Amino acid sequence: MQLTLEFGGGLELLCESKKIHSVNVEPQNGAAKLNMKDLLLWVHTNLIKERPEMFMKGDTVRPGVLVLVNDCDWELSGQLETSLEEKDVVVFISTLHGG
């Protein structure tokens, strides 16, 4: 499944300073659809190159990371259970900044 992943607010530094990633991710364990929980595991394994604790806590994103799926807050679409479709755009933005 072709997806576009975007990282901002400093999270791109965890992915070799690359903000936009065009990726191909397949559903896991014979599932028919890819969901956000599977995508986060894939991102943790394949894209995060340093300090993964700054991106994830347990099996979800850390507090302070805004997640948008096709410009819609994932909290409105089911968070980890949000189903993804071909050519979806998933954006991760850190809302925590130093002062």
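Here the structure is a predicted model, which is why all the values come from computation and not from measurement.
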Original post:
Can you check side-chain contact (heavy atoms from CB on, under 4.5 Å) on Phe92 and Leu40, steps first, answer last?
Top reply: CA-CA 11 Å; Phe92 303 95; Leu40 287 176; 3.7 Å; yes
**OP:** Would you check, one step at a time, whether the test salt bridge (Lys or Arg N to Asp or Glu O under 4.0 Å) holds for Glu53 with Arg62?
**Re:** CA-CA 8 Å; Glu53 70 278 3; Arg62 289 191 66 80; over 6 Å; no
Original post:
More than 12 non-hydrogen atoms from neighbouring residues, nucleotides or ligands closer than 6.0 Å to CE on Met54, yes or no?
Top reply: no
Subject >> Heavy-atom side-chain proximity of Glu6 to Val89 below 4.5 angstrom >> reply: yes
**OP:** Indicate yes or no for a side-chain donor-acceptor contact from Thr45 to the backbone of Trp42 under 3.5 Å, with no hydrogens or angles considered.
**Re:** no
Subject >> Exam field: side chain Glu86 to backbone Gln2, donor-acceptor pair closer than 3.5 Å >> reply: yes
Subject >> Steps toward side-chain contact (heavy atoms from CB on, under 4.5 Å) verdict (Cys15, His21) >> reply: CA-CA 9 Å; Cys15 306; His21 300 260; 3.7 Å; yes
Original post:
Rounded to the nearest 0.5 Å, how far does CD of Glu81 lie from NZ of Lys37?
Top reply: 7.0 Å
Original post:
Is Met56 linked to Val67 within one hydrophobic cluster, defined over Ile, Leu, Val, Met, Phe, Trp and Tyr using a side-chain heavy-atom separation of less than 4.5 Å?
Top reply: yes
**OP:** Is it possible for you to say whether Phe7 and Val90 belong to one hydrophobic cluster, with membership spreading through side-chain heavy-atom contacts below 4.5 Å?
**Re:** yes
Subject >> Any side-chain heavy-atom pair of Leu41 and Asp59 under 4.5 Å >> reply: no
Original post:
Okay, side chain of Asp88, backbone of Leu84: is any donor-acceptor separation there less than 3.5 Å?
Top reply: no
Subject >> Main-chain N/O of Gly64 paired with Thr95 side-chain donor or acceptor, under 3.5 Å >> reply: yes
**OP:** Flag yes if more than 12 heavy atoms outside Asn24 fall under 6.0 Å of its CG atom; otherwise flag no.
**Re:** yes
**OP:** Locate the shortest heavy-atom distance separating Ser94 from Gly9; write the atom from each residue and the value.
**Re:** CB-O, 3.4 Å
Subject >> Heavy-atom pair of closest approach, residues Pro63 and Leu96 >> reply: O-CD1, 3.7 Å
**OP:** Please report the closest heavy-atom contact between Ala32 and Pro27, naming both atoms and the distance.
**Re:** O-CG, 4.1 Å
**OP:** May I ask you to decide if Asn46's main-chain N or O and Lys49's side chain share a donor-acceptor pair within less than 3.5 Å?
**Re:** yes
Original post:
Linking I/L/V/M/F/W/Y whenever any side-chain heavy atoms sit under 4.5 Å apart, do Leu80 and Leu66 land together?
Top reply: no
Original post:
Given the rule that I, L, V, M, F, W and Y join up when any side-chain heavy atoms are under 4.5 Å apart, are Leu14 and Ile93 in one cluster?
Top reply: no
Subject >> Chi angles and distances behind the side-chain contact (heavy atoms from CB on, under 4.5 Å) call for Phe55, Leu11 >> reply: CA-CA 7 Å; Phe55 180 67; Leu11 290 176; 4.2 Å; yes
**OP:** Could you pull out the closest heavy-atom pair between Val69 and Met36, with the gap in Å?
**Re:** CG2-SD, 4.1 Å
**OP:** Go through the steps for Met1 and Val25 under the test side-chain contact (heavy atoms from CB on, under 4.5 Å), then give the verdict.
**Re:** CA-CA 5 Å; Met1 175 178 304; Val25 182; 5.5 Å; no
Original post:
Side chain of Thr4, backbone of Ser22: donor and acceptor closer than 3.5 Å?
Top reply: no
Subject >> Glu50 vs Glu16 side-chain heavy atoms within contact, under 4.5 Å >> reply: no
Original post:
Between CG of Asn70 and NZ of Lys87, what distance do you get to the nearest 0.5 Å?
Top reply: 12.5 Å
Subject >> Asn35 side chain vs Asp38 backbone, donor-acceptor pair below 3.5 Å >> reply: yes
Subject >> Approximate separation, where rounding is to 0.5 Å, of Leu5 CG and Leu39 CG >> reply: 5.5 Å
Original post:
Got a donor-acceptor contact below 3.5 angstrom from the Glu12 side chain to the Gly10 backbone?
Top reply: yes
Subject >> In one Ile/Leu/Val/Met/Phe/Trp/Tyr side-chain cluster, 4.5 Å: Val91, Val23 >> reply: no
